[in-house]
Number of protein chains: 2
Amino acid sequence: MKLDQFLKVERKTTVAVPFPEDDAILKTCKTAADQDWASFLFIGNPETIEKAAANTGLKPGSYKCEKAENETEACALTARYIKEGKAQVAMKGQVHTGEFSRALFSKDAGLLEPGRLVSHMALCQVASYHKLLFLTDCAINIRPDYADKLRILDNAVDLAKRLGISRPKVGLVAPVETVNPKIDSTTDAEKLRREYDPQKALLGGPFGLDVALSAEAARIKKIESPVAGDVDILLFPELNSGNAVYKTLTVLAGATIAGLLIGLQAPVVLTSRADNAETKLLSLKLGLASV
Amino acid sequence: MKLDQFLKVERKTTVAVPFPEDDAILKTCKTAADQDWASFLFIGNPETIEKAAANTGLKPGSYKCEKAENETEACALTARYIKEGKAQVAMKGQVHTGEFSRALFSKDAGLLEPGRLVSHMALCQVASYHKLLFLTDCAINIRPDYADKLRILDNAVDLAKRLGISRPKVGLVAPVETVNPKIDSTTDAEKLRREYDPQKALLGGPFGLDVALSAEAARIKKIESPVAGDVDILLFPELNSGNAVYKTLTVLAGATIAGLLIGLQAPVVLTSRADNAETKLLSLKLGLASV
């Protein structure tokens with residue numbers, strides 16, 4: 001399955017972008033506008049925005065501008081427009097990640113419902129695996145405790161469902177399949193597997209990544225689980241491992257990847273400078289498809 | 001560079017194997033004996049060993065047998081023969097990993113010098129990277145502290161040197177390149193980089209795996225370091241990430257891989273049931289090449 005075909009934008013929505021005057025960002029917006037997936041609410045200095053948009057070839061009808069004096073105000077307005085329903089997706093423009101995140105994640109912004117947390121979800125297409133693969137959390141939560149893992153899992157299962165996978169198979173990643181009290185990833189995995197609602201998702205683990213991704217490895221290790229070798233979602237125990245696998249897949253396994261922040265009232269597209277144009281566009285499409 | 005060509009067995013040594021009567025293990029021994037890389041000291045029941053060895057086609061002159069009543073005794077004898085210099089490499093046979101490890105790693109065995117620790121090193125050949133890649137620790141140390149990381153690094157640098165890489169480039173793996181007091185992997189990486197003897201190895205980091213492995217990613221992220229994009233060794237912050245990347249490389253990136261336990265008086269070959277024949281043989285060759 002191609003990632004691009006899997007993601008279906010079902011209705012046109014509005015994307016709020018603070019300080020969009022960056023060539024790569026505006027090109028991504030132009031492609032989305034040309035496909036009729038989205039219209040844009042650009043926030044910053046209307047004059048410079050309009051000039052940059054015209055240079056990129058973005059049609060005037062595909063966006064509106066709202067004035068903001070500086071980054072802080074532009075990020076705060078982004079959060080407010082989401083809260084008020086004027087935009088359904090937020091995308092980081094040419095602003096600092098810290099500033100952008102603080103504005104959207106803060107309690108004042110009111111975009112985070114009680115009992116939830118913001119997590120990162122990557123969606124990956126790699127030739128060596130027979131399905132698309134969701135990975136979480138590869139970017140935000142440093143060392144989630146059990147309660148955090150439960151919320152990260154809820155976010156992931158909810159997103160998978162919005163994208164059409166109603167009861168995803170989740171592999172709970174650890175270095176080994178046996179529960180070892182010295183290894184948190186194994187004890188938390190066992191607890192999650194026992195306690196998570198099986199109607200929402202089918203959990204397997206603790207699993208080494210070989211068992212999670214290869215039915216042959218599971219057979220050799222005598223692991224019997226419908227999840228082993230067939231996972232839709234990999235839940236990582238902490239940031240070090242999630243981030244390292246994410247980057248291994250892009251740099252060494254030729255993966256095509258999209259990423260999104262989830263758990264807020266609206267999806268947040270926050271691509272990295274090092275992401276290529278395809279990843280930037282797919283990440284926006286992932287956000288639009290999950291509304 | 002092919003892993004198989006890189007590893008050069010320079011002198012014939014003796015490998016001690018407790019309970020070798022396993023088809024995959026004996027085939028590995030046969031290939032090594034046929035190449036004249038090693039002779040074997042098999043420990044267990046001489047009758048059953050000789051029968052199994054004959055079935056595999058192992059030439060009688062390529063091995064000796066020593067009697068042991070049970071697993072515990074066979075593992076203890078393995079450690080003793082290493083200590084006495086009768087064998088220079090240990091390889092796990094058909095015995096439990098726990099039993100084997102306890103016998104070799106215990107203080108009584110005397111194979112661990114003061115101030116050292118046992119760590120795992122993987123050596124990986126992957127088409128998408130321009131060098132062979134050492135990964136550590138992917139199998140043993142769960143959550144090494146700073147002092148442990150220093151010892152794991154010493155083990156790795158020492159092994160690389162034995163294999164002909166006199167001043168390896170080491171990438172200190174973390175999720176980000178900026179030092180963040182909330183993320184141990186970044187603070188430990190910075191301390192290692194400052195304190196490690198630059199004559200022994202060239203350290204770079206904290207590095208995300210993209211920066212460690214891709215000069216292009218380093219350029220985009222404006223990281224200037226001779227190590228970025230050109231690492232020989234990846235030092236992982238803990239087992240979850242090292243193990244997950246190791247398995248991602250084998251399952252999803254088509255890597256050829258060899259593994260070894262180092263830090264003891266002799267290298268220890270401890271392959272997993274799920275390893276294929278190529279990995280088993282390359283792991284033994286890695287052990288023999290590093291004596």
Side-chain angles (χ1 to χ4, degrees), chain A residues 97 124 126-129 133 135 137-143 173-177 180 182-186 206-214 216-223 229 234 236-255 272-276, chain B residues 97 124 126-129 133 135 137-143 173-177 180 182-186 206-214 216-223 229 234 236-255 272-276:
Chain A
T97 303
C124 164
V126 60
S128 45
Y129 192 62
L133 198 54
L135 313 168
D137 180 327
C138 303
I140 295 280
N141 295 285
I142 297 170
R143 190 174 295 290
V173 179
V176 288
E177 288 75 41
N180 178 342
K182 289 183 192 160
I183 309 181
D184 294 351
S185 51
T186 66
F207 283 163
L209 268 186
D210 52 345
V211 169
L213 299 172
S214 156
E216 173 67 5
R219 192 189 57 75
I220 294 170
K221 290 192 173 173
K222 299 193 171 95
I223 305 293
L234 289 173
F236 288 94
E238 33 59 62
L239 185 59
N240 284 323
S241 55
N243 189 270
V245 168
Y246 171 94
K247 286 171 176 165
T248 302
L249 287 170
T250 53
V251 179
L252 298 182
S272 149
R273 290 162 296 163
D275 287 335
N276 60 28
Chain B
T97 302
C124 164
V126 59
S128 46
Y129 191 61
L133 198 54
L135 314 167
D137 182 331
C138 304
I140 296 280
N141 294 285
I142 297 169
R143 191 174 293 290
V173 178
V176 289
E177 287 76 39
N180 179 341
K182 288 184 192 158
I183 309 181
D184 295 349
S185 51
T186 67
F207 285 162
L209 267 186
D210 53 344
V211 169
L213 299 172
S214 156
E216 174 67 6
R219 194 189 58 74
I220 294 170
K221 289 190 174 174
K222 300 196 170 93
I223 305 293
L234 289 172
F236 288 95
E238 33 60 61
L239 185 60
N240 283 323
S241 55
N243 190 270
V245 168
Y246 171 95
K247 286 170 176 166
T248 303
L249 286 170
T250 53
V251 179
L252 297 183
S272 148
R273 288 163 295 164
D275 288 334
N276 60 28

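Just so it is clear: chains get the letters A, B, ... in the order the sequence lines come, proteins before strands, and each one is counted from 1. Here the structure is a predicted model, which is why all the values come from computation and not from measurement.
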Proximity breakdown for Arg219(A) and chain B, heavy-atom pairs closer than 4.5 Å
neither

On a heavy-atom basis, which atom in Ala244(A) and which in Val245(B) lie closest, and how many Å separate them?
CB-CG2, 3.5 Å

For Ser185(A), what residues pass the side chain to side chain donor-acceptor pair (under 3.5 Å) criterion, not counting sequence neighbours?
Asn240(B)

Is any side-chain heavy atom of Leu209(A) closer than 4.5 Å to one of Val251(B)?
no

Looking at every non-hydrogen atom in both residues, tell me the closest pair between Ala253(B) and Leu252(A) and how far apart they are.
CB-O, 3.7 Å

Which atoms of Glu238(A) are under 4.5 Å from chain B, going by heavy atoms: the side chain, the backbone, both sets, or neither?
side chain

Residue Pro175(A) versus chain B: region with a heavy atom under 4.5 Å
both

Nearest 0.5 Å, please: how far is CG in Asp210(B) from CG in Asn243(A)?
7.5 Å

Which residues share a side chain to side chain donor-acceptor pair (under 3.5 Å) with Asn276(A), sequence neighbours left out:
Thr279(A)

Taking Lys247(B) for the side chain and Val211(A) for the main chain, is one N or O donor matched with an acceptor at less than 3.5 Å?
no

Under 4.5 Å between any side-chain heavy atoms of Leu249(B) and Thr248(A), yes or no?
yes

